[in-house]
Amino acid sequence: MSTKPFNAFAMAQAQFDKVADSLGLDQATKDLLRHPMREYHFALPVRMDDGSVRVFRGFRVQHNDARGPAKGGIRFHPQETADTVRALSMWMTWKCAVANLPLGGGKGGVICEPHNLSMQEQQNICRAYVRQIARDIGPVRDVPAPDVMTSGQHMLWMRDEYEQIHGGQHPGVITGKPVGMGGSLGRTEATGFGVVFTVREALKELGVRPEDTTASVQGFGNVGQYAIELYSQIGGTVVAVSCWDQADQQAYTFRKSDGIDLAALRKITDRFGGIDRQKAEGLGYEVLPGDAWIEQDVDVLMPCALENSITGENAIRISKRVKLVAEGANGPTTPEADHILQERGIFVIPDFLANAGGVTCSYLEQVQSNMNYFWEKDEVLGKLDVMMTSAFLGVSEMARKRKLYMRDAAYTIAIARVAQACKDRGWV
Ligand code: NAD
């Protein structure tokens with residue numbers, strides 16, 4: 001076993017290097033794309049509730065903006081590091097490119113533990129953050145969004161501080177804002193629905209009707225619940241779903257072989273996506289161990305909870321019937337497990353394609369904000385469907401033509417698009 005600590009940026013660069021070599025990119029393009037174009041590290045002096053001042057550290061990294069303004073979330077996390085933010089900003093560049101959005105990649109973070117901060121202190125951090133970066137973000141430069149432990153409220157404080165500094169109204173400076181304050185309808189559904197738009201297209205390619213399929217889902221939060229909603233609407237049956245139980249500090253899988261009842265389960269689920277075990281038993285669900293979701297005899301697996309959940313150890317327990325894995329979560333499959341899926345010929349919709357519905361809807365929010373004209377939910381979701389379907393078809397066509405694994409095809413398309421934009425601009 002390696003004793004080297006895991007470094008997300010080293011991993012992102014290694015992934016890039018592999019594709020860059022297969023694409024035959026020239027040295028200058030490689031040098032440009034394996035590092036962020038710009039990064040900002042700053043101190044955030046913040047007034048605390050007890051009157052003292054505490055200095056936090058903040059980052060904003062703009063990996064590449066050849067295809068459009070940088071786009072990516074701002075995380076509040078005690079273990080935030082510059083390298084994590086660099087890696088996430090690079091992944092955002094590829095995600096926006098594979099979804100064919102006219103956006104680049106960025107990411108931000110503040111080293112802090114929001115659980116130990118009052119809302120007033122969090123507001124002070126948001127405003128201090130924007131005071132440091134207000135000249136280097138903006139609707140045509142870099143557009144942040146919520147991420148781990150930040151919400152629509154944080155985004156609204158940031159928008160407000162930006163407008164205090166620059167004057168005027170600039171709703172397009174940030175996305176993920178509350179509806180009515182520059183937010184978009186459909187954002188709540190966007191990621192989960194986006195996963196299923198790609199599942200629907202993949203099933204077509206596999207020649208299987210959704211009505212004839214069953215699925216097992218890991219995670220019953222924002223992504224999982226809306227993925228289940230749309231998958232059921234197109235005719236599929238979800239027979240198992242797993243989630244984390246906060247009281248017991250372990251995960252459980254809830255199974256009903258004739259199909260779970262989404263509305264009934266939602267009623268007994270807390271706001272963190274935890275299903276009440278006793279009540280579920282009362283509704284006739286079998287309660288199984290947390291990782292049982294992966295060994296169900298189904299056609300489709302949708303990991304929609306967290307990273308590293310399909311591993312070399314448990315991938316061998318995946319049923320022979322499974323034809324499709326749609327990665328709703330970020331990084332759910334370890335490289336070892338990925339190998340197993342590939343060897344077994346399972347169709348994988350990779351995370352940065354499957355869950356691109358979130359950023360695609362953020363793009364639609366930005367467009368609406370810049371026009372100051374907001375669409376009905378159906379219009380947003382209709383555009384989301386068209387964009388996700390077209391992104392999926394681009395990748396699957398590349399996979400078919402070049403006989404590539406879907407993940408490699410998605411990386412190839414994304415990196416080639418960004419490299420081409422850099423070349424067309426005359427940068428390299
Ligand atoms: P969430 O917090 O709303 O829900 C997470 C769910 O996972 C909860 O039901 C929780 O109980 C469950 N869970 C946690 N640990 C588990 C475990 N060990 N076993 C089984 N279930 C477990 O989060 P979300 O917004 O639904 O995001 C889920 C994943 O999707 C994350 O990887 C996130 O980065 C990714 N993602 C989310 C969005 C978005 O728009 N929400 C966009 C892109 C990617």
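In listed order, ligands and their atoms are each counted from 1. Position 1 is the first residue of the sequence, and the numbers go up from there. Just so you know, these numbers use all the heavy atoms, side chains as well, and skip hydrogens, waters and symmetry mates.
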Please write down residue, atom name and distance for the protein heavy atom closest to [atom].
atom	value
atom 27 (O) of ligand 1	Val223 CG2, 3.7 Å
atom 39 (C) of ligand 1	Thr191 OG1, 3.4 Å
atom 20 (C) of ligand 1	Ser242 OG, 3.4 Å
atom 2 (O) of ligand 1	Phe272 O, 4.5 Å
atom 33 (C) of ligand 1	Asn330 ND2, 4.1 Å
atom 21 (N) of ligand 1	Cys243 CA, 3.3 Å
atom 4 (O) of ligand 1	Gly221 CA, 3.2 Å

Should the heavy atoms of other residues, nucleotides or ligands under 6.0 Å from CD of Gln249 be counted, would the total exceed 12? yes
When you look at CD of Glu336, are more than 12 heavy atoms from neighbouring residues, nucleotides or ligands closer to it than 6.0 Å? no
Note: Ser309, heavy atoms under 4.0 Å from ligand 1, region reported as neither
At under 4.0 Å between heavy atoms, which part of Asn222 makes contact with ligand 1: side chain, backbone, both or neither? both
Please determine whether a side-chain nitrogen of the Lys or Arg among [X] and [Y] lies less than 4.0 Å from a carboxylate oxygen of the Asp or Glu.
X	Y	result
Asp385	Arg200	yes
Glu327	Arg407	yes
Glu161	Arg131	yes
Arg54	Glu121	no
Arg266	Glu229	yes
Lys320	Asp297	no

Working note: Tyr411 + Phe352, criterion ring-ring contact (aromatic ring centres under 6.0 Å, His included); need CA distance, chi angles, decisive distance, verdict. CA-CA 9 Å; Tyr411 266 117; Phe352 68 116; 4.7 Å; yes
Out of Gly176, Ala305, Ala227, the nearest non-hydrogen contact to atom 7 (O) of ligand 1 is supplied by Ala305
Pick from Trp244, Phe352, Phe220: the one approaching atom 14 (C) of ligand 1 most closely through a non-hydrogen atom: Trp244
Do ligand 1 and Gly274 have nitrogen or oxygen atoms that lie under 3.5 Å from each other? no
Sort out for me which residue in Glu365, Gln368, Lys177 forms a side chain to side chain donor-acceptor pair (under 3.5 Å) with Ser184. Gln368
For [X], counting its heavy atoms only, list the atoms of ligand 1 lying under 4.0 Å from any of them.
X	result
Ala329	29 (C), 30 (O), 32 (O), 35 (C)
Arg187	40 (O)
Cys304	28 (C)
Gln218	19 (N), 20 (C)

Indicate yes or no for a side-chain donor-acceptor contact from Arg67 to the backbone of Leu101 under 3.5 Å, with no hydrogens or angles considered. yes
Any protein heavy atom lying closer than 4.0 Å to atom 23 (O) of ligand 1? no
